[in-house]
Structure formats: structure tokens, C-alpha cells
Amino acid sequence: MINITFPDGKVRSYEKGVTALDIAKSISEGLARKVLAANINGQVWDATRPIQDDATIKLLTWDDTEGKSTFWHSSAHLMAEAVESLFPGAKFWVGPAVENGFYYDIDLGDRQIVQEDLAKLETKMAELAKQNNPYVRKEISKVDALKYFGDKGDEYKLDLLGGLSDGSITFYTQGGFTDLCRGPHIPATGSIKAIKLTNIAGSYWKGDEKNKQLTRIYGVTFPQQKELDEYLKMLEEAKKRDHRKLGKELGIFTFDDQVGPGLPLWMPNGTIIIEELEKLAKETESKGGYKRVVTPHIAKESLYLTSGHLPYYADGMFPPMEMDGTTYYLKAMNCPHHHKIFAAEPRSYKDLPLRLAEYGTCYRYEQSGELFGLMRVRCLHMNDAHIYCSKEDFAKEFKAVNEMYLKYFKIFGIDRYVMRLSLHEPSKLGQKYIDSPELWVETEAMVRQVLIDTNTPFVEVPDEAAFYGPKIDVQIWSVIGREFTLATNQVDFAQGRRFNLEYTTKDNHTDVPLIIHRAPLGTHERFIGFLLEHYAGKFPTWLAPLQVKVLPISDKFLPYAQEIDQSLKLADIRSEVDDRSEKIGKKIRDTELAKVPYMLVVGEKEEADNVVSVRRQGKGDLGIQSLESFMGQIKSEISQRLSEENVS
RNA sequence: GCCGUUGUAGCUCAGUGGUAGAGCACUUCCUUGGUAAGGAAGAGGUCGAGAGUUCAAUUCUCUCUAACGGCUCCA
């Protein structure tokens, strides 16, 4: 007999060789039906795998993350079985569970899989699932495994086997399909009740674009049809707040074929948001001791040779232009221009820290397939600044930048993000990274210490640094789940030297400043794209392109409405009158859909008493107020940059 | 850039080997209405671009272009 310890600390004895599924059955049949896998001594196991020794157990169901991912991984195998039966000879690379479902990368040889095939595959999968075939685990020797896939001519699985050592190799078989797989898997195919194959994509083998492209099929499955229906409905809802859809509906931005891909045209409404963001940045930076500068959009090639950008970034820049026998580039970054401003005058320690800020316009040649609404564009306006400081001041400056981020995030109510400390990869020194090993170690430690000192939660990511130093990126997700870097804070120990930037120290020596590159508000493009989704188009009043719409009950009250509108405009409130000969219900509906924060309804009563009826978008009628009282409130809401949740 | 999908009116979308429709938006007229759609009439499209097949192409084929879902890449 062996002792099994449950999460609540209770211990029960079972026969040696008992399975998690047996244990679940001993508790209740209902639980046994729900068990997908089990956490045994901290490892996720098949629920059908015999337990030989004393162990702790946690039964995993659909409600556990590991239960879900096991379910989806098993679904990937089920899909592979269906693919093999409809496309004999298909070879399989890997088929993991992902955040919302699973995929499998497949080499179909000369054949192609198209959208219509997905329905056939779904039908086949449902048929195979109904057979309720068990997933059978088998330990196998490396020799036998190599022979099995060698006979099959499957170079992909042979490649995987190459990295595995004897004794750690397992096969899983369900129905007629056998795969090299670490597992674990759910007990049997029967619990996969609802299946949706979502899309087909190409995917490079081992993620390297020089390798062959495999066909990737994405799918998602559920234990109940109802859950699939809910999932699909959720996707529909998410699409409604997609910034590309909202941006068009609200007249924020547009693209034009003749202007070019990835080159957004900011419409009047979007321009207002840009101006409000710049106002916020200027106020904040001015208080933080920043000085504003303006620099050209192009520069000579030699500038980028000095900065060291060209060898690393040439592919990401627009092609060079020849002029008067000199090569020019459109700028992809503002830093070299700012360095030249630093270098324009002799600097002493008394000038430091010198903080140069610019909403700089950059052009980056993003590959065509990477463009994505406002989130990935080729023309961008960066909330850029460079801080030149001594090593002693570095921690203080870096911390102040971090605090600026958090201040901004509070204003916008941004709480779903991850701070990512990006580090260098020592084996790539001299290629991807500046070859100064000791400086890398030193600055990475400094940055990490600042994060620890300020209690900022972060994750460390190797091989993601800028070529000139480590950085902190703030990662966010678009409404359809794509990940982006919203803001960035980078240390640069390289460019100061490359540009011969110097300052005179207190003891009359010269030293090279450290440089901090920072963009807390990222770029207008990505930030506004993000805000559109974050607010679902319902901008807080301070950002809303139109803040108030005055709605006369009928044309008779148009003069009074225009008088109100004029007063608002004089108080710098963005206001308009709906002067159409429509019924009030229609005017309200259109203004609600346009997501204008406030509506002022005016008719006979209001004109007689010299008041307005206030209506808040999404909330309805707030009652009658004097215009002065309303203006006082909205002015205060705007000047404090309040979000709707803080507005009473 | 690569794999897959799509491109019809300002927007959302029908449709056809014989040069096109709906709803909303727009214009005009009627209506002057109290908190989410009043009524009527009208205007609006080289069916993404180019080439090919055909008596005839928006429809079939090819190329290009742009967008979308991914891969790679990135603020």
C-alpha cells in the first residue's frame, strides 16, 4: 500500500500502482468523469499512469490551467490523427497547447490545406473523439524510437529524438495515431465534445525564416458545446473594441492606398487626442526637468555609422537616398540627433543630468506582413527623450523615469501590463550586442537593482536587449490578444563613447555620460491604438475629441443652443450643436453612438430658466443644472484628467 | 518577406459569364417632436489595378496591390 496526500492535507492509502483516475473514482464517479490529468509530486501526469510510491496529488480538471492545457494538447494529437487520415503521409513537427487552444505544425509535402479542409478535419475529429479512444503512454528505447520514425521517413521526429536521451522517451497512441510525446494526456478522446479549427498559417520550422515553412493549424476545443459558443461570442465582443474598427467609426485615423501601407493619416478627431497627449507629456517632462528639442527627419549615413545603428538596423530603415553625392537616411530613431545636441556645446558636470525631449517622428521599414492597424506602422511619433547623466546619478534618474511611467499608467488606468527586463546574450557579443562584456554585467545589475529598490514587479528575458544596453519594456496586449511593447526605458553605455560625448567632472577630468533612452508613452500610434481598445472608444472627457454636444429639442431652440455652445467654446470646451431637424431621441441616439461624454438637452424649460439638462454618455439623464455649474464640473474633470470611474 | 484568406456605394454586406442591389449615412422636401432610430423623394459604384481566356468578364485564369489571420521581426 502507498500513502496519497491530498491538497487539504488528508492522507489515504491505496494499492501500489493505483492511478489518479482510480483515486478520483474512489471519491465520486462525477469527479472521475471530470478528471483530465493529475499533479503528482509537483509534476503533471496522465490520470491513467500508475503511481508506485507515496505521493501528493492534486486532481486536475477543466477548471485548472494545467487541466485545460492537457486537454488542448490531447486535442492537438486528435487533430493530427484526423490530418493523417485525410492527408496520408503528412509529417508532424510539434503540437503544443497555447493560451487559447492549440496548434500543430505539419509538413504536407506538395499538398496544400485550404480553409474548406478545416470543416472536413473538424468532422473527422468529432468522429474520432466519439470513439473514445484512450491515450496510451509507452516508454520506449531511443533505438526503437529512431527505428520507428526512421522507417516512417519522418525527419522532424528524428530531429526531436536527436535532442533526447535514452530512458526519457515516451510514445503516446490514441486510435490509429502514434506520436513522440512527453505527455501528459487526458484519459480518452471522448471528453473532447466541441471542436473549432480556427485558422491556417505558415510557420517556419524552428521559428527560423531560413527554414522550410510548415503548415500550422490552430484550433480550440471544449468539454461542452456551450463553452465553445461562449468563447466564439467573446471573440465577437472583442472585435467590437478592435482599435481598427473604432478608429474608423470615430474618425480617429485612416489609411490610404496611395499614401502607402503603414502610414496613418490622423483625422481631426485623432489629432485632438495627439495634442492632448503631447500636452500631458510636456507638462510632466517640464516638471521633471526635461528640455524640449526639435530635430530633422533625415540625416547623413555617417551619423548612423557613428551611432552603430546601421549594421544592426539597416533592414529596419527605409532605403537610403542619394543627394549631392552624399547618402541620407530617414531617421528610424531620434537618439543620434539628440547626441549631437549634447555635443554641440562643451558640457560640465553642472549641466548634468541633461534631459532632452522630443515627440520625434521616425520612419521604420516594417515588413509588409507585420503591419497592424496603428499598433505596427512605418511612420511613428515617439514620446522620446534622452537623459545624459553621470554613473552616480544613474540610479536616481532611472528611478525617476520608472516613476513617470507609473504616474502615466495611473492617469490612464492601465493595470494589465508586464515589466520586462531585457538582457543580453553573452554568446552574441560583437554580433547582436556591443562587445563590452563587463559593461553589460554592470549595467544589467544597476537596472535590476532599481527595479528591486522600487518594488516594481518584473520578469527577466534573456537575449532581448537593445544592441547598446539592457532595457525595461512594458508589455501590453491588444484586444485580439497580440502582445506589444507599449513603453520602453533603455540604458545605453555604448553611444556616449561612439559619439565622443564628454563632460568635465568636478575634479576637472573628462568623463563619458551614461545615456537613458526612454519613451513612457511609447508612440502616438501605438499608444492611441491601445487607448482606443482600453477605453472601448469611450475616451475620458479630457481626451474625447468632442466633449459636449448641445441638443436642441426643436429648431425653435437653436439660438439658445448656439448661445450655450459659444459659452462652452469660450471656456475651451470642445463643443458642437446638433442642428439637424431631427427628433430628440434620434439626436441622443447618434450622440451616444459617437461616444461623446456629455449631452446638453435644451428646450422650452431650459431656455425659460436659463439652464441645461445634462446627459452623460452611457449613464443617461443627470438632471437640470445651470450652465455655470456644469462648466465648473466639466472644467475640473478635464483639468484633473479624470476617468469616468472617478467622475461623480 | 513567407503561408492562408479577402477586396462590390462613405459604412456594413447581398449578388451575377450578358456593364449591379439592400440597410445605414448623405442631399432635398414634409414634420418641430422632451432623453437611444418620424416620413417621402433623390443622388451616389470603370464591382482594388493590369493582362489573358471568351462574341461578351464585376463573375473564369494569371500578375500586381492593399487589408485580414498567423510565422519571422519589432516601439
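Letters go in sequence order (proteins before strands), and every chain restarts at 1.
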[N] [atom2] sits how many Å from [X] [atom1], rounded?
X	N	atom1	atom2	value
A/Lys212	B/rC71	NZ	C1'	16 Å
A/Tyr104	B/rC71	OH	C1'	18 Å
A/Leu250	B/rC11	CG	C1'	13 Å
A/Glu209	B/rC71	CD	C1'	9 Å
A/Asp257	B/rU65	CG	P	12 Å
A/Lys583	B/rG38	NZ	P	6 Å
A/Glu582	B/rA36	CD	C1'	13 Å
A/Leu197	B/rG69	CG	P	19 Å

(message) Ring-plane angle category for A/Phe527 and A/Phe530, please: parallel below 30°, perpendicular beyond 60°, tilted otherwise.
(response)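 If you compare the ring of A/Phe527 with that of A/Phe530, the planes turn out tilted.
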
Partner of [N] by Watson-Crick or G-U wobble geometry, both contacts under 3.5 Å, or none?
N	answer
B/rA56	none
B/rA51	B/rU61
B/rG45	none
B/rG17	none

Does [X] come within less than 4.0 Å of [Y], counting only side-chain N to carboxylate O?
X	Y	answer
A/Lys120	A/Asp117	yes
A/Glu397	A/Arg355	yes
A/Glu592	A/Arg589	no

Counting any heavy atom closer than 4.0 Å, what does [X] reach on the DNA or RNA strands: base, sugar-phosphate only, or nothing?
X	answer
A/Ser613	base
A/Ile553	base
A/Gly522	nothing
A/Leu214	nothing
A/Arg244	sugar-phosphate
A/Phe484	nothing
A/Phe527	nothing
A/Asp555	base

Distance-only donor-acceptor test, [X] side-chain atoms vs [N] base atoms, 3.5 Å:
X	N	value
A/Glu366	B/rA75	yes
A/Glu606	B/rG34	yes
A/Tyr204	B/rG1	yes
A/Arg216	B/rC71	no

(request) On RNA chain B, check which nucleotide each of A/Lys556 and A/Arg378 is closest to and give me the residue with the more 5' one. (result)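 The 5'-side residue here is A/Arg378.
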
(message) Return whichever of A/Ser203 or A/Arg526 has its heavy-atom-nearest nucleotide of RNA chain B closer to the 5' end.
(response) A/Ser203

(request) Please tell me which of the listed nucleotides, B/rG69, B/rA36, B/rC26, lies nearest to the side chain of A/Arg580? (result)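 Looking only at side-chain atoms, A/Arg580 lies closest to B/rC26.
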
(message) With a 4.0 Å cutoff (strictly under), does any side-chain N or O of A/Tyr365 reach OP1 or OP2 of B/rC73?
(response)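 No, because none of the side-chain N or O atoms of A/Tyr365 sits under 4.0 Å from OP1 or OP2 of B/rC73.
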
(request) Establish, with yes or no, whether the OP1 or OP2 oxygen of B/rU72 is under 4.0 angstrom from a side-chain nitrogen or oxygen of A/Arg376. (result)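 Negative; the distance criterion is not met.
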
When rounded to the nearest Å, what value does the distance between [atom1] atoms of [N] and [M] take?
N	M	atom1	answer
B/rG50	B/rU65	P	15 Å
B/rG17	B/rC47	C1'	14 Å
B/rU61	B/rU16	P	15 Å

(message) Can a donor-acceptor pair be found, under 3.5 Å and without considering hydrogens, that links the side chain of A/Trp72 to the backbone of A/Pro96?
(response)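 Here the side-chain-to-backbone pair does not exist.
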
(request) Kindly give the heavy-atom pair with the smallest separation between A/Gln495 and A/Ser307, and that separation in Å. (result) OE1-CB, 3.7 Å

